[in-house]
Amino acid sequence: MRRSAADSHSLYQDENQRLEEELRSKVGALKSLSIDIGDEVRNQNALLNDMDDDMGKVRGFLGSTMARLKGITRSGYGRTWCYMFAFAMAVFFFMYIIIRMS
């Protein structure tokens, strides 16, 4: 039995509608995914900007600290300060060792 042209046209139309629905659902999923990616990128950029601001503050703080240390070493007591710093570092190192062993 041979199908009529109207029957085959109806089959093609049904198949096209099914494929169109599949494509529509995939496009919707991709749209949702791209929106989520955009939101995540905006959040990450905000975090990076905050981190950049914090690093700028730390850079300024360390710069002023280094300037003070240079001033101290240029004064007559530079060697004494170096000894005090080395002693403090040795104390912290030994405390670290003792804590790690217990």
Q: Report yes or no: do Gln13 and Gln17 form a side-chain donor-acceptor pair below 3.5 Å?
A: no

Q: Measure the spacing between CZ of Phe92 and CD1 of Ile99 and express it to the nearest 0.5 Å.
A: 10.5 Å

Q: Looking at Ser25 and Glu22, would you say the former's side chain and the latter's main chain have a donor-acceptor pair under 3.5 Å?
A: yes

Q: Does the side chain of Val58 come within less than 4.5 Å of Asp54's, by heavy atoms?
A: no

Q: Working to the nearest 0.5 angstrom, can you tell me the gap between Asp50 CG and Asn45 CG?
A: 11.0 Å

Q: Does any N or O in the side chain of Ser34 come within less than 3.5 Å of the main-chain N or O of Leu30, such that one atom is a donor and the other an acceptor?
A: yes

Q: Could you please spell out the steps behind the side-chain contact (heavy atoms from CB on, under 4.5 Å) verdict for Glu20 and Asn16?
A: CA-CA 6 Å; Glu20 184 181 331; Asn16 280 341; 5.8 Å; no

Q: About how many Å separate CG of Leu48 and CG of Asp53, when rounded to the nearest 0.5 Å?
A: 11.0 Å

Q: To the closest 0.5 Å, what do you measure between CD1 (Ile98) and CZ (Phe93)?
A: 10.5 Å

Q: How long is the straight-line distance from CE of Met51 back to CE of Met55, given to the nearest 0.5 Å?
A: 8.5 Å

Q: State plainly whether one hydrophobic cluster holds both Met95 and Met101, where clusters connect Ile, Leu, Val, Met, Phe, Trp and Tyr through side-chain heavy atoms under 4.5 angstrom apart.
A: no

Q: Strictly below 4.0 Å, N to O, side chains only: are Arg18 and Glu21 in salt-bridge contact?
A: no

